[in-house]
Amino acid sequence: MQVNAAAVEIRVAQWGEDAAALTALRRQVFVVEQGVPEELEWDGLDAGAAHFLACADGVVVGCARLLGDGHVGRMAVLSPWRGRGVGSALLREVLSACRARGYGHAFLNAQTAALDFYRRLGFHAVGGEFIDAGIPHFRMERAMENLTQQLNQQHAIAGKLRFVDAAPGLPVAEVTLPQATARIAVNGAQVLEWAPAGQQPVIWVSRAAVYQPGKGVRGGVPVCWPWFGAGADGKPAHGFVRTRLWQVRETGVGPADTVFIRLGLTDDESTRALWNHAFDVELVVSVGAALKMELVTRNTGAEAFTITDGLHTYFRVGDIGRTRVLGLEDTVYLDKVQGTGESRQAGAVQFGGETDRVYIGTTADCIIDDAALGRKIRIAKSGSRSTVVWNPWTEKEKGFADMAAGEYRDMLCVETTNAGPDSVSVAPGGEHRLVAFVGVE
Ligand code: TA6
């Protein structure tokens, strides 16, 4: 492939024949120029990887690598050749290889200074910034054009579940059953919709929500993991999994003609740079006349770790001013609005302003008593010792570009969590299951 006037040729390289040229170029760019320690550069993955070379007049001026899971890396261009389309040409060749290999997505760890370069070729940053080899990075990922088609080939269930694009690069599982409909985004494993037959939608999504890869949708059920709430040291709030593309592991038909989808994520160097533990996390969503969401944490490492976690469920209500939450009477809560430490709930929770409370040591069912819609929503749970109740009200709502004016009246979060002092320790090889069961009465 010719690259503009630079007459640079891009070709697929073979590690066997081209190792000397590849290592010389990468040593020059990463080790000498950027100070990456040698032992980090040679990671033992080269022999099994696909490599790409950019050559000008027979001289190697750039390279790139593609691993078998869609991991793009080792993008390097000699300094005199930068800004001349060599890197873009290399990356386009790598993406062509991803398509040819049928990869559903590609991902990489981009130096923060190079984010725009990768954005121009469809990648978007997810999670928080992390340091790798002393250099600030972001994980970036992109769905390949054939992802939704691939998901349908592997996981569609005729007449019950299919994948559609809610937006480019945003595959969503659509469940259509006699007893209920639902939508679950593969990005973030985020439930976006659940409506039992004959009912108004139970899960709320803002009409100003932004549907783009790498950005959570305002509403639905964001998965908060491996921490709930503010991140330490500038890390993202509510953890780093709710903006990532999850893997669809299984779909199927369950009891009483329900349909389930199982999505998962495992640790990688970018998650370990944010939270240095080996893990497997899964969300299993079962759709029927009730909605069951199960967040499963597995510790696949050799050391115990501690998490806080949550299913941050946004519920649709007829009018927040005519809505009450039952089941939390006489329990202790931490008031994040008043900042007044522990308080005790007197009677039902009612709403007349911004409300942001963590009810600790609470395991009982909650009921959203919605007088305006004339319905009750029951939230039962297991593996959860905290219940978070949140409504942004008018001022906080104004701060959310992805909420329309006045929408605070139509929504209420009753979140099934382990938050604050209710953290959970998971032993090596152990697992923790946080389960929310939602039904309409
Ligand atoms: O669960 C309540 C809360 O922690 C609020 O404090 C507010 O931040 C809300 O979550 C939404 O957080 P997000 O990061 O999704 O905008």
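In each ligand, atom 1 is the first atom listed, and ligand 1 is the first ligand listed. As a basis for the values below, the full set of heavy atoms in this structure was taken, side chains included, without hydrogen atoms, waters or symmetry mates. Owing to the predicted nature of the structure, the values given are computational and were not obtained by experimental measurement.
Here is the list of ligand 1 atoms found below 4.0 Å of a heavy atom in F400: 16 (O). Every atom of ligand 1 with a heavy atom of V388 under 4.0 Å away is listed here by number and element: 1 (O). In summary, the atoms of ligand 1 found under 4.0 Å from a heavy atom of F228, numbered by their order in the structure, are 1 (O). Counting atoms of ligand 1 from 1 in the listed order, those under 4.0 Å from a heavy atom of H312 are 1 (O), 2 (C), 3 (C), 9 (C), 10 (O), 11 (C). Ligand-side atoms of ligand 1 in range of R218: 11 (C), 13 (P), 15 (O), 16 (O), range being under 4.0 angstrom from any heavy atom.
If you look at R242 next to ligand 1, the close heavy atoms, those under 4.0 Å, all belong to the side chain.
Surrounding NZ of K396 are at most 12 heavy atoms belonging to other residues, nucleotides or ligands under 6.0 Å away. The number of heavy-atom neighbours closer than 6.0 Å to CZ of R324, taken from other residues, nucleotides and ligands shown, is 12 or below. Counted within 6.0 Å of CD on E303, heavy atoms from surrounding residues, nucleotides or ligands total 12 or fewer; the atom is thus considered open.
In terms of polar-atom proximity, defined here as any N/O pair under 3.5 Å, W390 makes no such contact with ligand 1.
At least one protein heavy atom sits closer than 4.0 Å to atom 10 (O) of ligand 1.
No close placement of the F315 and W204 rings is indicated, their centers lying 6.0 Å or farther apart.
Using cut-offs of 30° and 60° on the angle between ring planes, the pair W275 and F279 is tilted.
Nearest protein neighbour of atom 1 (O) of ligand 1, counting heavy atoms only, is E415 OE1, 2.7 Å.
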- [ ] Would you please test R357 and Y359 for side-chain hydrogen bond (donor to acceptor under 3.5 Å, both in side chains) and show each step?
- [x] CA-CA 6 Å; R357 300 175 182 175; Y359 289 82; 3.1 Å; yes
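V172 places a side-chain heavy atom less than 4.5 Å from the side chain of L192.
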